[in-house]
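Notes follow once the structure below has been shown.
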Amino acid sequence: MPFKNFLLQRKHELGMHGRFAKFVLQDKNYPFNESFINQLKYLEEHDAPTTALEALADTYKEYSK
């Protein structure tokens, strides 16, 4: 399953994964099809808060299971 689909399934959750999904799904330029590292770089380059970086790490870990 593509990472974007994983996020679409979680966008209504109240926890970290849901908040992260809502955050990045609003960004038309978010690199969903890129590697974890490239997604992390994208967030850093766009001055995302530390909580978003942590949420990416946690969400991507869950996605990779």
Side-chain angles (χ1 to χ4, degrees):
M1 166 187 329
F3 187 56
K4 185 173 185 177
N5 290 359
F6 179 82
L7 294 173
L8 285 167
Q9 292 178 348
R10 281 154 180 78
K11 70 180 181 178
H12 297 294
E13 291 180 7
L14 299 176
M16 179 190 306
H17 298 163
R19 288 191 309 269
F20 177 74
K22 283 184 251 177
F23 176 74
V24 296
L25 288 168
Q26 293 176 16
D27 183 349
K28 292 178 176 50
N29 297 314
Y30 189 80
F32 295 103
N33 296 323
E34 298 285 333
S35 68
F36 168 78
I37 295 298
N38 287 342
Q39 290 182 52
L40 183 61
K41 286 179 185 177
Y42 178 85
L43 291 174
E44 289 174 337
E45 289 169 358
H46 289 85
D47 298 320
T50 303
T51 54
L53 305 178
E54 293 168 352
L56 168 63
D58 192 65
T59 304
Y60 208 87
K61 183 177 178 182
E62 184 69 25
Y63 165 71
S64 298
K65 287 185 179 178

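None of the values given here were measured: they were computed from a predicted structure.
No side-chain donor-acceptor contact under 3.5 Å links Asn29 and Tyr42.
Taking the side chain as every heavy atom from C-beta outward, Phe6 and Thr59 approach each other to under 4.5 Å. Taking 4.5 Å as the limit, every side-chain heavy atom of Met16 sits out of range of all side-chain heavy atoms of Glu54.
The cluster map of Ile, Leu, Val, Met, Phe, Trp and Tyr, joined by side-chain heavy atoms under 4.5 Å apart, puts Leu40 and Phe20 in the same cluster. Grouping the Ile, Leu, Val, Met, Phe, Trp and Tyr side chains by contacts below 4.5 angstrom, directly or via other members, places Ile37 with Tyr63.
Annotation: the span from Lys41 atom NZ to Leu53 atom CG amounts to 13.5 Å, rounded to 0.5 Å. Distance check, rounded to the nearest 0.5 Å: NE2 of His17 to NZ of Lys61 gives 9.5 Å. Rounding to the nearest 0.5 angstrom, the gap separating the CD atom in Glu62 from the CZ atom in Arg10 is 6.5 Å. Rounding to the nearest 0.5 Å places CZ of Phe36 at 10.5 Å from CG of Asn38. The CG atom of Leu7 sits 9.0 Å away from atom CG of Leu56, with the distance rounded to the nearest 0.5 Å.
The aromatic rings of Tyr60 and Phe3 lie tilted to each other, with the angle between the two planes from 30° to 60°.
The two residues Glu34 and Gln39 come nearest to each other via the heavy atoms O-NE2, 3.0 Å. Taking all atoms of both residues into account, the shortest heavy-atom contact from Val24 to Phe32 is O-CZ, 3.6 Å. Shortest non-hydrogen contact noted between Ala52 and Leu43 is O-CD1, 4.1 Å.
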Assess whether side-chain contact (heavy atoms from CB on, under 4.5 Å) is satisfied between Arg19 and Glu13, documenting all intermediate values. CA-CA 7 Å; Arg19 288 191 309 269; Glu13 291 180 7; over 6 Å; no

